[in-house]
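Not measured: the values here are computed from a predicted model.
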Amino acid sequence: MEYTIKVDKNKEKLYVQRNGEIVEILACSTGIGKPIHGFKGITPPGRYLVDDISLGRDMARSLRKSHPEIKGNPYGPYVAGLVRKDGEEVLIGIHGTSEPENLGTPVSAGCIRIANHNMRRLVENRIIT
């Protein structure tokens, strides 16, 4: 089975598709539209591939080195790093969130946030690989 993920930034929805059919719709949050924490704050349009999957706690530890004002783990259980299909480098990914109450509104620094339990399930069930 081949899974793809599509994000509608206008609706703040993430669509999980299997063999071209939508099998799940999740609330998400995309870029706030202005710079935040040194990032552009924009979720750029385009087609992406998952480059790697990291533990959220490891990514948070790295982030706090350059941004000590950030506390805890804003990434949840996993971060799926993305690369553009056309080869352009971007610093965005799909990850969990420490602020699930904000899902459905654009609040991120550019990444695509989903609920932690959904991120865990998508990674551990190999939907995001």
Side-chain angles (χ1 to χ4, degrees):
M1 278 179 273
E2 184 174 320
Y3 289 96
T4 56
I5 304 291
K6 292 197 177 185
V7 175
D8 184 331
K9 295 189 304 181
N10 293 320
K11 295 181 180 178
E12 296 294 317
K13 298 287 184 190
L14 181 145
Y15 299 87
V16 178
Q17 296 180 322
R18 183 176 51 223
N19 300 322
E21 290 189 39
I22 296 172
V23 295
E24 191 168 7
I25 302 171
L26 304 173
C28 71
S29 289
T30 59
I32 195 167
K34 61 183 179 184
I36 180 173
H37 300 302
F39 297 98
K40 291 181 181 178
I42 297 168
T43 306
R47 298 179 65 85
Y48 296 87
L49 300 170
V50 174
D51 184 43
D52 62 17
I53 297 177
S54 303
L55 292 174
R57 68 175 178 257
D58 294 343
M59 295 294 289
R61 190 175 303 120
S62 177
L63 177 68
R64 287 192 306 268
K65 288 179 183 176
S66 57
H67 297 282
E69 73 277 10
I70 296 175
K71 305 297 181 204
N73 174 6
Y75 295 118
Y78 297 104
V79 178
L82 302 177
V83 295
R84 286 183 64 112
K85 283 185 104 169
D86 65 11
E88 182 182 336
E89 186 176 335
V90 293
L91 294 173
I92 67 165
I94 302 172
H95 61 77
T97 180
S98 59
E99 301 172 331
E101 66 278 6
N102 291 331
L103 292 174
T105 58
V107 295
S108 82
C111 287
I112 300 153
R113 300 178 182 182
I114 60 175
N116 288 339
H117 69 277
N118 286 327
M119 189 65 194
R120 183 175 293 109
R121 184 175 49 76
L122 294 178
V123 169
E124 292 175 0
N125 290 331
R126 303 195 50 78
I127 293 169
I128 293 179
T129 57

Side chain to side chain, Val79 and Arg57, heavy atoms closer than 4.5 Å
no
Tell me whether Ile114 is reachable from Ile25 by hopping between hydrophobic residues (I, L, V, M, F, W, Y) whose side-chain heavy atoms are closer than 4.5 Å. no
Those residues at least two apart in sequence (or on a different chain) that pass side chain to side chain contact (heavy atoms under 4.5 Å, CB included) with Arg120 are Pro77, Tyr78, Glu124
Item checked: Residue Glu21 excluded, over 12 heavy atoms near CD under 6.0 Å -> no
When rounded to the nearest 0.5 Å, the distance separating OG1 of Thr129 from CD1 of Ile53 is 6.5 Å
Between Leu103 and Thr97, the two heavy atoms sitting closest are CD2-CG2, 4.2 Å
To the nearest 0.5 Å, atom CZ of Arg47 lies from atom CG of Leu82 at 13.0 Å
Nearest heavy-atom contact between Ala80 and Ile128 is CB-CG2, 3.8 Å
Indicate if Ile32 and Val90 have the same hydrophobic cluster label, given that clusters are the connected sets of ILVMFWY residues with side-chain heavy-atom separations under 4.5 angstrom.
-> no
Check: What orientation do His37 and His67 show, parallel under 30°, tilted 30 to 60°, or perpendicular over 60°?
Finding: perpendicular
Side chain to side chain contact (heavy atoms under 4.5 Å, CB included) filter on Ser108, not counting sequence neighbours, yields Thr43, Arg113
Original post:
With a cut-off of 6.0 Å (strictly less than), are more than 12 heavy atoms of other residues, nucleotides or ligands near CZ of Arg84?
Top reply: yes
Rounded to the nearest 0.5 Å, the CG atom of Leu26 sits from the CG atom of Asn118 at a distance of 4.5 Å
Measure from the side-chain N and O atoms of Ser29 to the backbone N and O of Asn102, and report whether any donor-acceptor pair falls under 3.5 Å. yes
Q. With a cut-off of 6.0 Å (strictly less than), are more than 12 heavy atoms of other residues, nucleotides or ligands near NZ of Lys9?
A. yes
Connected via hydrophobic side-chain network under 4.5 Å: Val107 and Leu91
no
Practice problem: Kindly indicate, with the supporting measurements, whether the criterion side chain to side chain contact (heavy atoms under 4.5 Å, CB included) is fulfilled by Val16 and Ile22. | Solution: CA-CA 6 Å; Val16 178; Ile22 296 172; over 6 Å; no
Here the pair of heavy atoms bringing Ile112 nearest to Cys28 is CG2-CB, 4.1 Å
Review point. Does a donor on one side chain sit under 3.5 Å from an acceptor on the other, for Thr105 and Glu12?
Key: no
Is there a chain of hydrophobic side chains (I, L, V, M, F, W, Y, each step under 4.5 Å between heavy atoms) that links Phe39 to Tyr48?
no
Original post:
Is Lys13 salt-bridged to Glu24, cutoff N-O under 4.0 Å?
Top reply: no
For Asn73 and Tyr75, the nearest pair of non-hydrogen atoms, with its separation, is OD1-N, 2.8 Å
Rounding to 0.5 Å, atoms CD1 (Ile94) and CE (Met119) come to a distance of 6.0 Å
With distance as the sole test, does Asn125 use its side chain to make a donor-acceptor pair with the main-chain N or O of Ile127 at under 3.5 Å?
-> no
From the list Ser66, Pro74, Pro68, side-chain contact (heavy atoms from CB on, under 4.5 Å) partner of Ile70 resolves to Pro74
Joint cluster assignment, Leu122 & Tyr15, ILVMFWY side-chain distance < 4.5 Å: no
When every non-hydrogen atom of Leu49 is compared with those of Lys85, the smallest separation belongs to CG-CG, 3.7 Å
